[in-house]
4 protein chains.
Amino acid sequence: MDKKALLTPRKTASQQRSRAMIEVLVEATARVLIKEGFDRANTNRIADEAGVSIGSLYQYFPSKEALVIAVIERHKSEMVDVLRGTLAKVAALPIDSAVRELVKTMIDAHRVNPDLHRVLVEETPRAGRIGTIDGFDREFYTLIRAYLELRKAELRPMDLDLAAYICVSSTEALTHGAVIDSPERLNDGNVQAFVNEVATLITRYLK
Amino acid sequence: MDKKALLTPRKTASQQRSRAMIEVLVEATARVLIKEGFDRANTNRIADEAGVSIGSLYQYFPSKEALVIAVIERHKSEMVDVLRGTLAKVAALPIDSAVRELVKTMIDAHRVNPDLHRVLVEETPRAGRIGTIDGFDREFYTLIRAYLELRKAELRPMDLDLAAYICVSSTEALTHGAVIDSPERLNDGNVQAFVNEVATLITRYLK
Amino acid sequence: MDKKALLTPRKTASQQRSRAMIEVLVEATARVLIKEGFDRANTNRIADEAGVSIGSLYQYFPSKEALVIAVIERHKSEMVDVLRGTLAKVAALPIDSAVRELVKTMIDAHRVNPDLHRVLVEETPRAGRIGTIDGFDREFYTLIRAYLELRKAELRPMDLDLAAYICVSSTEALTHGAVIDSPERLNDGNVQAFVNEVATLITRYLK
Amino acid sequence: MDKKALLTPRKTASQQRSRAMIEVLVEATARVLIKEGFDRANTNRIADEAGVSIGSLYQYFPSKEALVIAVIERHKSEMVDVLRGTLAKVAALPIDSAVRELVKTMIDAHRVNPDLHRVLVEETPRAGRIGTIDGFDREFYTLIRAYLELRKAELRPMDLDLAAYICVSSTEALTHGAVIDSPERLNDGNVQAFVNEVATLITRYLK
DNA sequence: AATGAATGAGCGTTCATTCAT
DNA sequence: AATGAATGAACGCTCATTCAT
């Protein structure tokens, strides 16, 4: 049997009903992951939480892993949505202000669902990849790469691919760490100092 | 019963024999993690790999989790050892060269056992913390914080705590990503370019 | 988690299927207890004997203990049923004949399933309580207490609670001992002598 | 291998040392049984409690069962000792007072070590037999049988074997129940009432 | 399509017992 | 004789998955 077949939803969400069911199941999985943690999240528990029979669950998702992957994907795209929104607004700004806005947005992205984010990154095997160039950073990277191209004139001469990688990876690491591991860094007055430093890091590097 | 009791080796490694057994078990656990992945690594398999009875395993480690934690600790301290070695040599250097050396060393640290590192970070619940200010970065952070204090005169005025955090987090994210996720970035000629960029990022930020 | 949850059947026997399954499992547990003894009776063996998967067993009973308790309860109620039947008939009789009938019935009650009774009393931890005022005697006690009240006029003046306790405890001990430990006392002609003596013991005490 | 060999102490207690060791182990087993219950009492725990290595334990007792049997035997003989003491004193008394004394003594016997007695009877497989004609009652029975013979003249004509059985079984059941299961029956003023009733039961039966 | 009862491989762990030292 | 490290059979139990209804 095809390994990939075990990791993707079984039906094209062509029908209204299917889509709703998938949504319900992914949502339930996320809730169970948050409430119980990865170890205690089992498919029967998830079917219960979704108010759906275990049989139906397996009609839409071929394995537990597929369910978790769907949660990861959904969470990633929610985070990316936040970023995309800002990038549209920011494209016209000069680097200094653009970077500041993007750093703030990265924080917001991690705040979309920090409880879920923590469970995924800390407890979920293979979902650690979330904050990785293979993970949601891939899309962020593409967006930033395009922005740098656009603003090339303001930058020192550099390998834009590498530069984008460095900006994305370090910003994601720093904002992730602040939101998830050291929330005290983002208390009230601290936010600005933190954002300043990260923005300084990136801006000085680029110019 | 003490929860912590389930996470630490059962016997003090006071005797020659005990220490050897612990070493054998931790080593076997690491090998199984690499060969089989976290999900397929179970205590019976580990005991087999160690050439030891399952009963002996439980005489030294009170749970599977304790075994994995021991592997994590050992791996972390091997990485920290690499860093510490370099830092001693580098303390006397000016920032530019010091940073370059440290970036190179961070790469080396991730190359100590990259297969194990990948399993621990990607598959092992709660070990995601490994590349985190709570994980092995803690020690790296302390070392760097001290270095910055030492070289304060060469730096722009800044909050050294925050600066150390930013240097450590971003350097670890970038070198980790390069070694584990994008090894092509470190092929032959690429290494220097990569090191240059990361060193530039950090150096410009500090000065 | 509720400790009690581990000792009671998991599903209400509301459905036909469930009730059948529970019956099959309790029956199998009793058979295994008799054939193998308590120590060798384990859940996998019981599931085998029941012709049911171990998973199904745990769908209906949350633990081995719960299974054994169910056997005990069923056995107790079978014994009590025997007693209750006789008591209804005997209520109208004067003490002498009533006591004789009850002693005979107590013997019958112990003969309902003496092999199981022996295992439960001799080998099963905490089931020793079976022949105890806390165990099935409780119901017998209630029945007898009511009978004594009814027949108060024929008795010497006495504390009926205490008297009922003494009648029940001693009759149960004597009939249990005879059936389970000294069956030769109940061979053919011996039965009558034995019943006579026990009836004499109780009757003289009461009048 | 001889099954019986697994149930008796390995060495004739010919040497001072051996006897002391056996004593220490039996004592430790009793303490562990009381403190932890039968299920949680394991041989390593017992060796610990005895301050002796597990190897030494197995030098003196061939199995866990042997250890528990030794505890049972010791406990039984302590209870019998109490009875024997009284019987000597009571042999000369007329039935009424003798029975009263013996009932009181039976209570005392159950109070020798009620915690241990409870664990043995309620939790220990096969030790439930303690309060049985095969258990410590056997010796009590012999003593009483002899007493009845001695006092035959005062009794109604009866089968002394059967009578002794009935006296012993019912007295043991009643006193056991009172001490172990319903201690409130023996609170202060209640003791006398209880003793009176049991003595009445037996005396009326015999005369 | 939907249900949920049933399955059973497989896991973590315990503990009576052995045996090299 | 004494030690205690080592053994491994065996057990209770979970949970992803299937399939008859």
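Below, chains carry the letters A, B, ... as their sequence lines are ordered, and counting in each starts from 1.
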Item to check | B:Glu49 vs B:Lys35, side-chain contact (heavy atoms from CB on, under 4.5 Å): CA-CA, chis, key distance, verdict | outcome: CA-CA 11 Å; B:Glu49 176 79 28; B:Lys35 274 197 287 193; 3.0 Å; yes

Item to check | Sorted by number, the residues of residues 43-53 of chain D with heavy-atom contact under 4.0 Å to DNA chain E | outcome: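 Under 4.0 Å from DNA chain E: D:Thr43, D:Asn44.
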
Checklist entry - Between B:Tyr60 and F:dA5, does any side-chain N or O lie under 4.0 Å from OP1 or OP2? => result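 For B:Tyr60, the contact criterion (side-chain N or O under 4.0 Å from OP1 or OP2 of F:dA5) is not met.
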
Checklist entry - Is the phosphate of E:dT7, meaning OP1 or OP2, less than 4.0 Å from a side-chain N or O of C:Tyr58? => result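 C:Tyr58 to E:dT7 OP1/OP2: no side-chain N or O under 4.0 Å.
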
Mind calculating the distance between [atom1] ([X]) and [atom2] ([N]) to the nearest angstrom?
X	N	atom1	atom2	answer
D:Glu65	E:dA16	CD	C1'	12 Å
B:Arg40	E:dG12	CZ	P	12 Å
A:Gln59	F:dT18	CD	P	12 Å
B:Leu57	E:dC11	CG	P	14 Å
C:Glu36	F:dA10	CD	C1'	14 Å
A:Leu25	F:dA16	CG	C1'	15 Å
B:Phe61	E:dC11	CZ	C1'	19 Å

Item to check | For C:Ile54, the option from C:Asp48, C:Asn44, C:Ile46 that meets side chain to side chain contact (heavy atoms under 4.5 Å, CB included) | outcome: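 Answer to the side chain to side chain contact (heavy atoms under 4.5 Å, CB included) test with C:Ile54 among C:Asp48, C:Asn44, C:Ile46: C:Asn44.
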
Item to check | Residues B:Phe61, B:Thr29; criterion side-chain contact (heavy atoms from CB on, under 4.5 Å); working and verdict | outcome: CA-CA 11 Å; B:Phe61 290 91; B:Thr29 305; over 6 Å; no

Next on the checklist: Between B:Asp39 and D:Ala41, which residue's closest nucleotide on DNA chain E lies nearer the 5′ terminus?
Outcome noted: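 Of the two residues, B:Asp39 wins.
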
Checklist entry - Mapping B:Ser56 and C:Ile54 onto DNA chain E by nearest heavy atom, which one lands closer to the 5' end? => result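 Here C:Ile54 is the residue nearer the 5' end.
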
Item to check | Of B:Met21 and A:Asn42, the one whose closest DNA chain F nucleotide lies more 5' | outcome: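 Going by which nucleotide is closer to the 5' end, it is B:Met21.
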
Next on the checklist: Distance check, rounded to the nearest 0.5 Å: B:Leu25 atom CG versus B:Ser56 atom OG?
Outcome noted: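 These two atoms lie 8.0 Å from each other.
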
Checklist entry - Taking C-beta and beyond as the side chain, do A:Leu67 and A:Leu57 meet within less than 4.5 Å on heavy atoms? => result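 Result yes, sub-4.5 Å side-chain heavy-atom pair found.
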
Next on the checklist: I want to check something: taking the side chain as every heavy atom from C-beta on, are A:Arg40 and A:Arg45 in contact at a cut-off of under 4.5 Å?
Outcome noted: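 When only atoms from C-beta onward are counted, A:Arg45 and A:Arg40 do not touch, as no gap falls below 4.5 Å.
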
Checklist entry - Going through the checks in order, is the side-chain contact (heavy atoms from CB on, under 4.5 Å) test met by B:Glu78 and B:His117? => result CA-CA 11 Å; B:Glu78 282 172 4; B:His117 195 81; over 6 Å; no

Checklist entry - In which ranges does DNA chain F form stems of 3 or more consecutive Watson-Crick or G-U pairs, distances under 3.5 Å? => result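 So far as stems of 3 or more pairs are concerned, DNA chain F shows E:2-21 with F:2-21.
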
Item to check | Trace of the side-chain contact (heavy atoms from CB on, under 4.5 Å) decision for D:Asp115 with D:Asn113 | outcome: CA-CA 6 Å; D:Asp115 293 334; D:Asn113 194 342; 4.2 Å; yes

Next on the checklist: Show the nearest heavy-atom pair for residues B:Glu123 and B:Phe38, with the distance to one decimal.
Outcome noted: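 Here B:Glu123 and B:Phe38 meet closest at OE1-N, 2.9 Å.
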
